[in-house]
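Read through the structure below, which is laid out as structure tokens, and then see the notes.
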Amino acid sequence: MDLISRIPKVELHLHIEGTFEPELMLKIAKRNNIQLPYKSVADVKKAYEFTSLQSFLDIYYQSAQVLLTEEDFHDLTYAYFQKVATQNVRHVEMIFDPQTHTSRNVAYETVVNGIWSGMQAGLKDFSITSKLMLGVLRDLTEEDAFVLWQQALPHIDKLAAISLNSAEQGNPPSKFAKIYQAARDKGLLAVAHAGEEGPSEYIWQALNLLKVNRIDHGVRCTEDEELVTYLKQQQIPLTMCPLSNTKLCVYKDMSEHPIAELLRKGLCVTVNSDDPSFFGGYIEENYRAIQATFDFSDKEICQLAENAIQASFLNQTEKQTLMDELNNIQQEVCHD
Ligand code: HPA
Ligand code: ZN
């Protein structure tokens, strides 16, 4: 087994609805008697040609329409764990988008209980630990976010963090300062998508106004030298998703992706999959795609794995267990 297969992996940027594989989507659509504009898996895959974040979100929200029952959300979540158990994924911090479902009259409880039971089954059957992050849709209003918050509060024990998702441009983090404050007051940690398609200014806002612990994507920090220096000094984790960025045309070619440059500058960058069923790969494929482009040394691959462990919301003991395992592998293979 090569190094990328062997390293213990921690996934920090994953939309559970973005793991919905076409086979399962068609199966659940049939079970729920829902018509989709696709007859076969090949038909579904043909639709996965994206030109921007919005062109993807349209298809992503459409596919989520077939999810109705607790069983559906359980099956979606369980299928993800089953898949990444083959990639030595050991811990996952996943985002879910309740507003995508409550807007179709699926109850918040149905969504959260189904995903939660999938997470418990993932722990039992594959020994993968996980945490759940509440996704706020930024193209909806602040008022909508507070409606969601009221639904989430009775189940807050299931949440580790709040997160900001969906169409970034024109929906700055500043719009959600109050809901982030409310979430932090209840003890949640905070992450936000920033600097994916939106400007580097949104990364500053996420840090200063939302007080996030991590930035999702953050690739456009490269446009602001002062920001890059700050991210390095503070070791703010950036959860990058290389296959997502090329698939959504943030970069025309992987060679333009800043992950290697930022890693080599000493920033806390991590490798993640975002919406793996739509973007052509899970976490391991993301590692392989950047390795093929940037020819990382064994030490750099181990650094990426270490960054993810350290950037996770695990406690020190849990982090140390994964670090011990990574260090053993590193001692065996890293001679550079
Ligand atoms: N960006 C923003 N919001 C999202 C994404 C993404 O890549 N995937 C699902 N929601
Ligand atoms: Zn994302």
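Every number for a ligand or one of its atoms is a count from 1 in the order of the listing.
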Return the residue, atom name and 0.1 Å-rounded distance of the protein heavy atom closest to [atom].
atom	answer
atom 4 (C) of ligand 1	H15 CE1, 3.6 Å
atom 7 (O) of ligand 1	D274 OD2, 2.8 Å
atom 8 (N) of ligand 1	D275 OD2, 2.8 Å

Set out, in order, the CA-CA distance, both residues' side-chain angles and the distance that settles ring pair (Phe, Tyr, Trp, His ring centres under 6.0 Å) for Y230 and W204, then state yes or no.
CA-CA 10 Å; Y230 181 82; W204 282 120; 5.4 Å; yes
Per residue H15, nearest N, O or S atom to the Zn ion (ligand 2) is named NE2
If you measure from each heavy atom of S166 to ligand 1, is any distance below 4.0 Å?
yes
Quick look: E196 vs ligand 1, heavy-atom contacts under 4.0 Å, and the answer is side chain
Applying a heavy-atom cut-off of 4.0 Å, say which part of L53 lies close to ligand 1: side chain, backbone, both or neither.
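Near ligand 1, L53 shows its side chain, while the N, CA, C and O stay back.
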Plane angle bin for H13 and H193 - parallel if under 30°, tilted between 30 and 60°, otherwise perpendicular
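Ring orientation of H193 relative to H13: perpendicular.
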V10 reachable from I215 in the ILVMFWY side-chain graph, under 4.5 Å edges
yes
Do D275 and F20 come within less than 4.5 Å of each other through their side chains, counting heavy atoms only?
no
Which heavy atom of L57 sits nearest a heavy atom of A167, and at what distance?
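In this case the closest contact between L57 and A167 is CD1-N, 3.5 Å.
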Given the Zn ion (ligand 2) as the apex, I'd like the angle to OD1 of D274 and NE2 of H193, rounded to 10 degrees.
170°
Do any nitrogen or oxygen atoms of Y61 come within less than 3.5 Å of a nitrogen or oxygen of ligand 1?
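No.
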Under 3.5 Å between some N or O of ligand 1 and some N or O of S244?
no
Contact atoms of ligand 1, heavy-atom distance to H193 under 4.0 Å:
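Answer, ordered by atom number: 1 (N), 2 (C), 6 (C).
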More than 12 foreign heavy atoms under 6.0 Å from NZ of K158: is that the case here?
yes
Cation over ring face, K83 and Y282, 6.0 Å, 45°
yes
Could R90 and F126 be counted as a cation-pi pair, given that NZ or CZ must be under 6.0 Å from the ring centre and within 45° of the axis?
no
